[in-house]
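Whatever order the structure lists them in is the order used to number ligands and atoms, beginning at 1. Scope of the values below: all heavy atoms of this structure, side chains included, with no hydrogens, waters or symmetry mates.
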Amino acid sequence: MTDWSGLALQHISDALFITDRAHNIVWLNPLAEEIFGINAGEGRGRPVTEITGIEQLTPLLEELHEQGTPSEPAFEKVETVIRFSGRRYFFKVAVAPVSREGVSIGALVQLTDITRFYEMEKFKGDYISIISHEFRTPLTSVVLGVEMLRQGLLGELNERGEEVFDAIGDDCHRLTKLVDNLLELSRIESGTIYIQAEPVDAAELVREAIRPLKIQAEKKGISLLTEVPEALPLVAADFNKTVWVLTNLVGNALRYTEAGGTITVRIRVGTWRLYFSVQDSGCGIPPEYRDQIFEKFIQVRGPARRKGGAGLGLAIAKEIVTAHGGEIWVESEVGVGSTFTFSFPLFRREEIMG
Ligand SMILES: Nc1ncnc2c1ncn2[C@@H]1O[C@H](COP(=O)(O)OP(=O)(O)OP(=O)(O)O)[C@@H](O)[C@H]1O
Ligand SMILES: [Mg+2]
């Protein structure tokens with residue numbers, strides 16, 4: 001009779017190990033032998049971290065054994081250079097418990113080779129970064145030219161001409177923002193985001209962030225309010241980047257709130273943290289999108305989607321907040337409004353921890 005499961009294990013495109021409770025190898029498949037340059041006989045009884053060079057396996061396996069038998073496998077992405085071949089691999093690592101007659105006897109370690117995807121992702125990142133740089137310079141001169149024409153510095157425009165140049169000006173503005181966001185994101189993704197945290201007055205952050213948006217709110221017939229307690233403690237923040245986050249949250253609120261609505265920017269002080277929130281009375285966000293919108297290029301489907309923007313603002317905001325040691329989330333009800341909140345560590349905590 002054909003041993004189908006044996007055949008499957010021979011041909012599977014993942015490297016597989018079964019380890020005992022002490023994380024030593026008891027079994028490995030042919031692909032694991034090939035990638036790590038050992039045969040099954042040599043591998044048996046040796047620590048799986050030693051053979052694979054993947055240190056991160058220890059905490060994953062320990063957690064797995066501590067929890068007993070979790071229903072979900074644990075995943076992690078790791079980079080490793082294989083000693084035997086000198087090749088650099090990126091693996092998605094999954095560990096799952098192995099039990100016999102209800103007793104946990106070890107774990108199945110599964111290494112999926114994602115090197116190609118990883119490199120493609122990186123190439124895409126570099127490509128975006130180069131393209132946005134190349135876009136920026138010509139865009140600046142287009143913006144300047146349009147501005148000069150619009151102001152009549154190169155001759156009077158008729159009414160139609162003014163309209164056309166207004167529209168071009170708006171599009172240029174959108175394009176500039178997109179290019180800037182793409183650049184910011186590629187900096188974040190390449191790990192070169194640089195947070196210069198200093199003691200900052202939170203009220204000043206809010207003032208600075210909403211100043212440029214007041215006119216926009218007025219034009220749209222939306223009240224833009226602030227509720228900021230007096231005598232606030234200082235926060236540890238990068239001033240410009242935090243202003244950027246707040247401006248984007250208020251910008252979103254303006255975009256997704258109809259005339260007559262209200263936007264309130266609040267600060268609340270907790271024991272260790274300070275909370276900034278932006279509440280709007282806009283269209284709201286359906287529950288299934290509430291985590292997703294913090295990923296890049298994710299926008300809620302529906303009529304609101306056609307409001308311009310590329311779906312980058314919240315992804316960047318999340319990176320900035322996380323880099324500060326804070327968190328960001330949204331509470332929302334469709335048709336009622338949304339409240340975006342992010343927390344920052346208080347400066348005083350940093351001092352105590354010294
Ligand atoms: N205050 C809000 N009310 C309702 N929906 C919102 C709100 N803020 C964000 N969203 C939803 O989340 C999506 C992602 O927001 P994000 O700021 O990342 O991108 P964007 O505003 O569409 O584009 P960009 O910020 O790149 O200009 C938006 O497209 C919108 O669908
Ligand atoms: Mg946005």
What are the two closest heavy atoms between A203 and V228, and how far apart are they?
CB-CG1, 3.8 Å
Side-chain ion pair, E119 and R116, N-O less than 4.0 Å:
no
Are a donor atom and an acceptor atom from the side chains of D14 and Q110 found within less than 3.5 Å of each other?
yes
If only atom types and distance count, is the side chain of H324 paired as donor or acceptor with the main-chain N or O of I320 below 3.5 Å?
yes
Where ligand 1 meets D280 - atom numbers and elements under 4.0 angstrom, heavy-atom basis
1 (N), 2 (C), 3 (N)
Would you mind listing which atoms of ligand 1 come within a distance below 4.0 Å of any non-hydrogen atom of G311?
18 (O), 19 (O), 20 (P), 22 (O), 23 (O), 24 (P), 26 (O)
Within 2.8 Å of the Mg ion (ligand 2), is there any N, O or S atom belonging to N252?
yes
Donor on one side chain, acceptor on other, S332 and S338, under 3.5 Å:
yes
What do you reckon, does A315 have a nitrogen or oxygen under 3.5 Å from a nitrogen or oxygen of ligand 1?
no
Please confirm whether F342 and F340 have ring centers closer than 6.0 angstrom.
no
Would you call F340 a ligand 1 contact, heavy-atom distance under 4.0 Å?
yes
Heavy atoms only, cut-off 4.0 Å: how does F294 contact ligand 1, side chain, backbone, both, or neither?
neither
Examine the proximity of ligand 1 to S332 and report which part, side chain or backbone, both or neither, has a heavy atom under 4.0 Å away.
neither
For ligand 1, which atoms sit closer than 4.0 Å to a heavy atom of C283?
4 (C)
Between R87 and Y89, is there a side-chain donor-acceptor contact under 3.5 Å, judged purely by atom types and distance?
yes
Which of the atoms of ligand 1 are close to S338, meaning less than 4.0 Å from one of its heavy atoms?
3 (N)
Identify the two heavy atoms, one from I328 and one from V321, that lie closest to each other, and give their separation to 0.1 Å.
N-CG1, 4.2 Å
Would you indicate which of A253, G313, A317 comes nearest to atom 25 (O) of ligand 1 when only heavy atoms are counted?
G313
Mark up the atoms of ligand 1 that fall under 4.0 Å of a heavy atom belonging to R255, in ascending order.
20 (P), 21 (O), 22 (O), 23 (O), 27 (O)
Could you see which bit of L312 sits under 4.0 Å from ligand 1, with heavy atoms only: side chain, backbone, both or neither?
both
Where ligand 1 meets I298 - atom numbers and elements under 4.0 angstrom, heavy-atom basis
13 (C), 14 (C)
Do the side-chain N and O atoms of E288 and Q292 include a donor-acceptor pair separated by under 3.5 angstrom?
no
I want to know if ligand 1 touches I285 in the polar sense, i.e. an N/O pair below 3.5 angstrom.
no
